[in-house]
Peer 1: 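Here you go, one structure.
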Number of protein chains: 2
Amino acid sequence: MPKTHPTSEPLSKQRLRLWLRFLKAQSSIEAEIRRRLRDQYGSTLPRFDVMSALARFPDGLKMSEISGLLKVSNGNVTGIVDRLTQDGLALRVAVPGDRRAQLVRLTPAGQSAFAELAQAHEAWLDEMLGGLGPDELDGFGELLDGVSEHLGEGGD
Amino acid sequence: MPKTHPTSEPLSKQRLRLWLRFLKAQSSIEAEIRRRLRDQYGSTLPRFDVMSALARFPDGLKMSEISGLLKVSNGNVTGIVDRLTQDGLALRVAVPGDRRAQLVRLTPAGQSAFAELAQAHEAWLDEMLGGLGPDELDGFGELLDGVSEHLGEGGD
DNA sequence: TCAATCTATTTCAAGCATAAAATTTCTTGC
DNA sequence: GCAAGAAATTTTATGCTTGAAATAGATTGA
């Protein structure tokens with residue numbers, strides 16, 4: 001008889017409490033990932049996210065495509081790509097027919113750096129979400145779908 | 001027969017994909033909350049979090065207590081409390097026996113501003129998590145507990 | 001043509017976040 | 001009393017993030 005909540009508590013309070021737990025789990029995992037990226041690789045999550053997008057499109061992405069994929073502002077991407085470029089991990093190449101736009105690509109150094117980061121990232125999550133077996137992953141996924149659906153979000 | 005994943009896919013990849021969905025749901029909800037706080041109340045999430053902590057302790061909190069509760073850095077809290085103070089929502093009062101520390105309290109204006117924000121915040125979440133009924137809330141909560149437990153996190 | 005408009009990107013100002021260094025004030029041990 | 005260390009906070013440097021303004025280049029329609 002799983003009844004872990006007082007029936008007297010309004011549903012809105014229960015949803016609020018769930019959100020706070022949700023946030024707590026999320027931010028502790030994310031904080032740990034940021035810490036490891038920093039300590040073990042001298043990198044950051046925003047950089048990882050941009051590299052991840054670039055890795056999926058070897059032909060390059062325009063600045064606006066990156067910001068669209070990651071759902072962040074244009075100005076934000078400018079800064080991150082600047083720093084990636086300074087570090088030799090990305091480069092901007094001209095688009096033939098359009099002098100406004102540029103394609104951003106990972107350099108070979110960027111590709112191998114990302115491969116290393118991605119492998120570590122997957123292993124970290126495997127470790128941190130290790131408490132979840134196949135059935136729980138399915139159940140969790142369905143709940144998340146329910147939320148996203150209700151939010152009226154489209155996929156990428 | 002819910003079998004939404006290929007059995008061939010390694011568990012680590014499933015966990016990674018779950019994390020990405022988790023992040024997506026979380027960040028779209030959070031982005032919407034930030035947007036509404038900004039557009040409807042001219043406020044921000046960090047301010048709301050600090051005010052929320054202060055509201056729970058009417059006798060005041062030391063700077064280090066705030067940063068401990070919210071798990072953010074000391075320097076971060078300095079800036080947020082500075083701005084809250086400039087806006088007349090919080091104030092620093094001296095601690096009798098210790099000239100190093102100060103207690104931060106909500107002003108009456110801060111209290112009523114927070115009450116309004118908190119009510120809106122709860123209603124927003126109720127709306128955004130409206131797809132989840134009591135049973136789903138319980139199931140979700142247990143999954144989150146499983147994650148947090150595996151992470152070895154203590155409660156606040 | 002060429003002016004109006006649209007598109008792609010960068011720049012700017014402000015706030016948030018961190019870790020590390022600096023400052024000020026207590027506390028402790030002699 | 002006082003020097004050494006600990007504690008509370010602020011400051012600093014750097015990076016991330018946004019929305020809004022600015023810049024530069026393309027497109028379109030009279």
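Throughout, a chain's letter reflects where its sequence line sits, starting with A, and its residues are numbered from 1. Given the structure is predicted, the values throughout are model-derived calculations rather than measurements.
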Peer 1: In whole angstroms, how far is the P atom of C/dT25 from the CG atom of B/Asn74?
Peer 2: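 So the two atoms are 18 Å apart, to the nearest Å.
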Peer 1: Counting only side-chain N and O atoms of B/Asn76, is one of them less than 4.0 Å from OP1 or OP2 of C/dT18?
Peer 2: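 For B/Asn76, the contact criterion (side-chain N or O under 4.0 Å from OP1 or OP2 of C/dT18) is met.
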Peer 1: Could you tell me how far apart A/Leu37 (CG) and C/dA19 (C1') are, to the nearest whole angstrom?
Peer 2: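 So the two atoms are 16 Å apart, to the nearest Å.
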Peer 1: Give the rounded distance in Å between these two atoms: CZ of B/Arg99 and P of D/dT10.
Peer 2: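 It works out to 16 Å between those atoms.
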Peer 1: Below 30° counts as parallel, above 60° as perpendicular, anything between as tilted: where do the rings of B/Phe140 and A/Phe140 land?
Peer 2: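 Aromatic pair B/Phe140/A/Phe140 classed perpendicular.
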Peer 1: What is the distance from atom CG of A/Leu18 to atom CG of B/Leu129, rounded to the nearest 0.5 Å?
Peer 2: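 Those atoms lie 6.5 Å apart.
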Peer 1: Using atom CD1 of B/Ile66 as one end and atom C1' of D/dT9 as the other, report the distance to the nearest whole Å.
Peer 2: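 Atom CD1 in B/Ile66 sits about 12 Å away from atom C1' in D/dT9.
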Peer 1: Based on the rotation axes of five pairs at each end, what angle does the helix from C/dT1-D/dA30 to C/dC30-D/dG1 bend through, to 10°?
Peer 2: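 Inter-axis angle at the ends, rounded: 10°.
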Peer 1: Any Lys/Arg nitrogen of B/Arg35 or B/Glu30 sitting under 4.0 Å from an Asp/Glu carboxylate oxygen of the other?
Peer 2: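 B/Glu30 and B/Arg35: not salt-bridged.
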Peer 1: Rounded to the nearest Å, what distance is computed from the CD atom of residue B/Glu65 to the C1' atom of nucleotide D/dA8?
Peer 2: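 After rounding, the reported distance stands at 11 Å.
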Peer 1: Is the B/Phe114 to B/Phe48 ring centre distance short of 6.0 Å?
Peer 2: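 Yes, the ring of B/Phe114 comes within the 6.0 Å limit of the ring of B/Phe48, centre to centre.
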Peer 1: If you check every side-chain atom of B/Met63, which of C/dA19, C/dT10, D/dT10 has the closest atom?
Peer 2: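 Of the candidates, D/dT10 comes closest.
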Peer 1: OP1 or OP2 of C/dC16 sitting under 4.0 Å from any side-chain N/O of B/Thr44?
Peer 2: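 It does, given that an N or O in the side chain of B/Thr44 lies less than 4.0 Å from OP1 or OP2 of C/dC16.
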Peer 1: Is A/Arg35 touching bases, backbone alone, or none of the nucleic acid, heavy atoms closer than 4.0 Å?
Peer 2: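 Touches nothing.
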Peer 1: With a non-hydrogen cut-off below 4.0 angstrom, is A/Val77 in contact with a base, only sugar-phosphate, or nothing?
Peer 2: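 Nothing, no heavy atom under 4.0 Å.
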Peer 1: Does B/Arg92 make a side-chain N or O approach to OP1 or OP2 of D/dT10 shorter than 4.0 Å?
Peer 2: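 The answer is yes; a side-chain N or O of B/Arg92 sits under 4.0 Å from OP1 or OP2.
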Peer 1: Would you mind checking if A/Arg21 and B/Asp145 are paired as a salt bridge, meaning a charged N to carboxylate O distance below 4.0 Å?
Peer 2: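 Answer for the salt bridge query: yes.
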Peer 1: Looking only at the aromatic ring of each residue, does the gap between the centers of B/Phe22 and A/Phe22 stay below 6.0 angstrom?
Peer 2: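 Close enough - the centres of the two rings lie under 6.0 Å apart.
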Peer 1: Mark yes or no for a side-chain to base donor-acceptor pair under 3.5 Å between A/Arg100 and D/dA26, with no hydrogen or angle criteria applied.
Peer 2: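 Between D/dA26 and A/Arg100, which were checked side chain against base, a qualifying N/O pair under 3.5 Å is absent.
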Peer 1: Donor-acceptor pair, B/Arg15 side chain versus A/Leu132 backbone, under 3.5 Å?
Peer 2: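 Between the backbone of A/Leu132 and the side chain of B/Arg15 there is a qualifying donor-acceptor contact (under 3.5 Å).
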Peer 1: Mind calculating the distance between CG (B/Asp82) and P (C/dC16) to the nearest angstrom?
Peer 2: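 Spelled out: CG on B/Asp82 to P on C/dC16 is 11 Å.
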Peer 1: So, does B/Asp98 use its side chain to make a donor-acceptor pair with the main chain of B/Arg100 at under 3.5 Å?
Peer 2: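 Side chain of B/Asp98 to backbone of B/Arg100: a pair is present.
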Peer 1: Please check this pair: side chain of B/Glu122 against backbone of B/Gln119, looking for a donor-acceptor N/O pair closer than 3.5 Å.
Peer 2: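 Such a contact is absent between B/Glu122 side chain and B/Gln119 backbone.
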Peer 1: What's the closest nucleotide to the B/Arg38 side chain, out of D/dG19, D/dT9, C/dT9?
Peer 2: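 Comparing D/dG19, D/dT9, C/dT9 against the side chain of B/Arg38, the answer is D/dG19.
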Peer 1: Nearest nucleotide by nearest heavy atom, which residue falls closer to the 5' end of DNA chain D, A/Asp98 or A/Ser73?
Peer 2: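 Whichever sits nearer the 5' end wins; that is A/Ser73.
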Peer 1: Starting from C1' on D/dA20, measure out to CG on B/Asp39 and report it in whole angstrom.
Peer 2: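 Answer to the nearest Å: 14 Å.
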Peer 1: Would you say the side-chain atoms of B/Ser43 pair up with the backbone N or O of B/Leu37, donor to acceptor, closer than 3.5 Å?
Peer 2: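 No: the side chain of B/Ser43 does not pair with the backbone of B/Leu37.
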Peer 1: From the list C/dA19, C/dC16, D/dT17, which nucleotide is the closest neighbour of the side chain of A/Ile80?
Peer 2: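 For A/Ile80, the side-chain atoms sit closest to D/dT17.
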Peer 1: Between protein and nucleic acid, restricted to nucleotides 12-14 of chain D and to nitrogen or oxygen atoms under 3.5 Å apart, what atom pairs and distances do you find?
Peer 2:
none

Peer 1: Please report, rounded to the nearest Å, how far the P atom of D/dT9 is from the CG atom of B/Leu103.
Peer 2: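 Rounding to the nearest Å, CG of B/Leu103 and P of D/dT9 are 9 Å apart.
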Peer 1: Here's a test of your reading of the structure: between A/Arg47 and B/Thr78, which maps to the more 5' nucleotide of DNA chain D?
Peer 2: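 So the residue in question is B/Thr78.
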